[in-house]
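Lettering of chains follows the sequences in order, A, B, ..., and the numbering in each one begins at 1. The structure displayed is predicted, hence computed values, not measured ones.
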Number of protein chains: 2
Amino acid sequence: MQQVTTVNVNGLRAAARKGYAEWLADTGSDVVCLQEVRAEQDQLPVAVREPEGWHAVYAPSSAKGRAGVALLTRREPEAVRVGFGEPEFADAGRYAEVDLPGLTVASLYLPSGEVGTERQDEKERFMTAFLPYLTQLRQRCAADGREVLVCGDWNIAHREADLKNWRANRRSAGFLPEERAWLDRVLDPADGGYVDVVRAHHPEQAGPYSWWSYRGRAFDNDSGWRIDYAMATPGLADRAVKAYVERAASHAERWSDHAPVTVVFGP
Amino acid sequence: MQQVTTVNVNGLRAAARKGYAEWLADTGSDVVCLQEVRAEQDQLPVAVREPEGWHAVYAPSSAKGRAGVALLTRREPEAVRVGFGEPEFADAGRYAEVDLPGLTVASLYLPSGEVGTERQDEKERFMTAFLPYLTQLRQRCAADGREVLVCGDWNIAHREADLKNWRANRRSAGFLPEERAWLDRVLDPADGGYVDVVRAHHPEQAGPYSWWSYRGRAFDNDSGWRIDYAMATPGLADRAVKAYVERAASHAERWSDHAPVTVVFGP
DNA sequence: CGTTCGAAG
DNA sequence: CTTCTAACG
């Protein structure tokens, strides 16, 4: 059995002050992928940076206080890689991957974008460069006899079931037709070739959402978006026995605006 | 009996979240002078902006989130004036005055400065322009049969007894020889002609300090500065029966890095 | 609405 | 060390 969790922590220092450490101590996962760390390693308390029993890999952004991904693994990785080959995003704190026995796990933080801004152009450039990398990654790993799991905040809701208010958001960044079509390609067996493990295990239901705005009563009303995904190669997806979102019980115990997304694999 | 308090609130919104409102509800003062309000009127909750039983006058800075003085009076002022005639500081949120029967009260926030910077030059320009105004104010009010009380954060410790660590601070902004000499002139009977009411009532003691840095253990060690003054015309100073600093009992109940300074006048 | 930063104090 | 703003989300 192997268990992997991904969560956008929205500032690891703030999350650690609020309950992230307790959550981590309780998780049964073997790998935890973090996004929006928003700190350099040496800005983090040691117990947060290198929690007892974990190996940690950080890929901060060169822009202070922005983005930043990390991976925590119970076993030491066989290899670590930061970035995915596109120079523009080499030190953007948006992608890192580790090799474990028979498995490559990645932590991804796709730019969030905003319609009509340069940030949306950046998101599109990222998507354009990242899709061929995903295909290449799958092929390379297949040649090495590895499965692949790309976890993270993809900042796109794929289908109408993936956000509460899809009608109101048809022109919103994160649910644009071209973004949804891009995810179609990531999941297309003839293209990216990945499987959305949580959706595969919950084919019909609305959600389960993984992000709720801090504004208004979004969390209380479960007015969320499913934008955090575990995307697996088909062979790995077939081994998934469980896939779920850990929605906090109450607003009070939330330590991020995102919830952890976990997938459990059998042998 | 008439009682006037001055306090630098270091952000009225933050102070109001921490205990300012309770302090105000308990004060027996008739006039409260505030400095570093750091908000426009409409950024303040109504109960903070216009507390029940008070008239409020605000003089915000045109620079958002900076400076800002205010006066709260139990009786409606006969007149209100903002600024002291120097155009550079007209909307700097550093000076306002109100006329009450027989008394003009001002709230002053003198620039804080830092040696070797443009901010120190600004402080000096303020001082240069403000001293003649103080003299003029006293004379004008004398002609009207009014006493004057200029309260606020003057950002200068006058003498060695006015800060804990005077030796270490001989080259620090706030205790420079030229700044101390300027306060000498404010207090010189032949020049500004004002009386430092707290010092007049506590001629020998160290302090009482009115500001402690938030850094380190400054408050716990009473490593403070006396930079908040009530400067009175001599006739008014003669009527002072009490003058004191309300040092908070504990670090926990502080709602500003400054403490309220209060003077009580007899008939 | 919340997390950063940077300027200011 | 704390307050604010701005940018970002």
Side-chain angles (χ1 to χ4, degrees), chain A residues 8-18 20 35-40 43-44 60-68 92-94 109-115 117-120 122-123 153 155 172-174 211-220 223 225 227-228 251 254-258, chain B residues 8-18 20 35-40 43-44 60-68 92-94 109-115 117-120 122-123 153 155 172-174 211-220 223 225 227-228 251 254-258:
Chain A
N8 177 319
V9 295
N10 190 24
L12 185 50
R13 282 169 290 185
R17 285 193 295 269
K18 295 194 286 187
Y20 158 82
Q35 300 87 39
E36 280 207 87
V37 168
R38 301 179 71 173
E40 315 250 327
Q43 294 179 301
L44 297 167
S61 166
S62 57
K64 287 190 69 173
R66 304 282 169 74
R94 297 197 174 269
Y109 176 46
L110 204 140
S112 72
E114 192 178 346
V115 172
T117 69
E118 155 59 22
R119 333 255 340 289
Q120 188 66 22
E122 183 191 338
K123 183 176 187 176
D153 178 354
N155 266 314
S172 302
W211 173 79
W212 303 263
S213 170
Y214 275 126
R215 300 174 210 194
R217 312 230 182 306
F219 183 77
D220 297 336
S223 181
W225 295 50
I227 55 180
D228 300 277
H251 197 290
R254 281 174 92 194
W255 42 267
S256 171
D257 49 349
H258 293 250
Chain B
N8 177 319
V9 295
N10 189 25
L12 186 50
R13 284 170 287 184
R17 286 193 296 268
K18 295 193 286 186
Y20 158 81
Q35 299 87 39
E36 279 207 87
V37 169
R38 300 179 72 171
E40 316 252 326
Q43 295 178 300
L44 297 168
S61 166
S62 56
K64 289 190 66 175
R66 304 281 169 75
R94 297 198 173 270
Y109 176 46
L110 203 139
S112 71
E114 190 177 348
V115 172
T117 70
E118 155 59 22
R119 332 261 338 286
Q120 187 67 21
E122 183 191 337
K123 183 175 187 175
D153 178 355
N155 265 315
S172 302
W211 173 78
W212 304 263
S213 170
Y214 274 126
R215 301 174 210 193
R217 313 229 181 304
F219 184 77
D220 296 336
S223 182
W225 295 50
I227 56 180
D228 300 277
H251 196 289
R254 284 173 90 194
W255 42 266
S256 170
D257 50 349
H258 294 248

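Among the atoms of the strands shown, only primed sugar atoms or phosphate atoms (P, OP1, OP2) are found under 4.0 Å from some heavy atom of B:Y109. Using a 4.0 Å heavy-atom distance criterion, A:R254 is classed as making no nucleic acid contact. Nucleic acid contact class of A:E114 (heavy atoms, under 4.0 Å, all strands): none. As judged by a 4.0 angstrom heavy-atom cut-off over every strand, A:Q43 is placed among residues touching the sugar-phosphate backbone only.
A:E118 places its CD atom 15 Å from the C1' atom of D:dA7, with the value rounded to the nearest Å. Distance CG (B:D257) to C1' (C:dA8): 12 Å, rounded to an integer number of Å. Distance NZ (A:K123) to P (D:dC8): 15 Å, rounded to an integer number of Å. Atom NZ in A:K18 sits roughly 14 Å away from atom P in C:dC1 (whole-Å rounding). B:R94 has its CZ atom 10 Å from the C1' atom of C:dA8, to the nearest Å. Spacing between atom NE2 of B:H258 and atom C1' of D:dT3 amounts to 12 Å, rounded to whole angstrom units. In this entry the distance linking CG of A:N8 with C1' of C:dG2 reads 12 Å, nearest Å. The nearest whole Å value for the distance from the CH2 atom in B:W211 to the C1' atom in D:dC1 is 11 Å.
Along DNA chain C, the nucleotide nearest to A:G216 and the one nearest to A:R66 differ in position, and the one closer to the 5' end is contacted by A:G216. Nearest-nucleotide positions on DNA chain C place A:S213 closer to the 5' end than the other of A:S213 and A:L12.
Evaluation of the side-chain contact (heavy atoms from CB on, under 4.5 Å) rule for A:R215 yields A:S213 as partners, not counting sequence neighbours. Under the rule for a side-chain contact (heavy atoms from CB on, under 4.5 Å), the partners of B:R13 that lie at least two apart in sequence or sit in another chain are B:R17, B:A39, B:Q43, B:L44.
Out of C:dC5, D:dT5, D:dT3, the shortest distance to the side chain of A:R13 is found at C:dC5. Comparing C:dT3, D:dC8, C:dG2 by their nearest atom to the side chain of A:Y214 picks out C:dG2. If you check C:dG2, C:dT3, D:dT5 against the side chain of B:K64, the one that comes closest is D:dT5. Side chain of A:R215, nearest nucleotide from C:dA7, D:dC4, C:dC1: C:dC1.
Considering only heavy atoms from C-beta on, A:R38 comes within 4.5 Å of A:N10 through its side chain.
B:E36 places no side-chain N or O within donor-acceptor distance of the main-chain N or O of B:A67, the cut-off being under 3.5 Å.
For the residue pair B:D257 and B:W211, a side-chain donor N or O sits within less than 3.5 Å of a side-chain acceptor on the partner.
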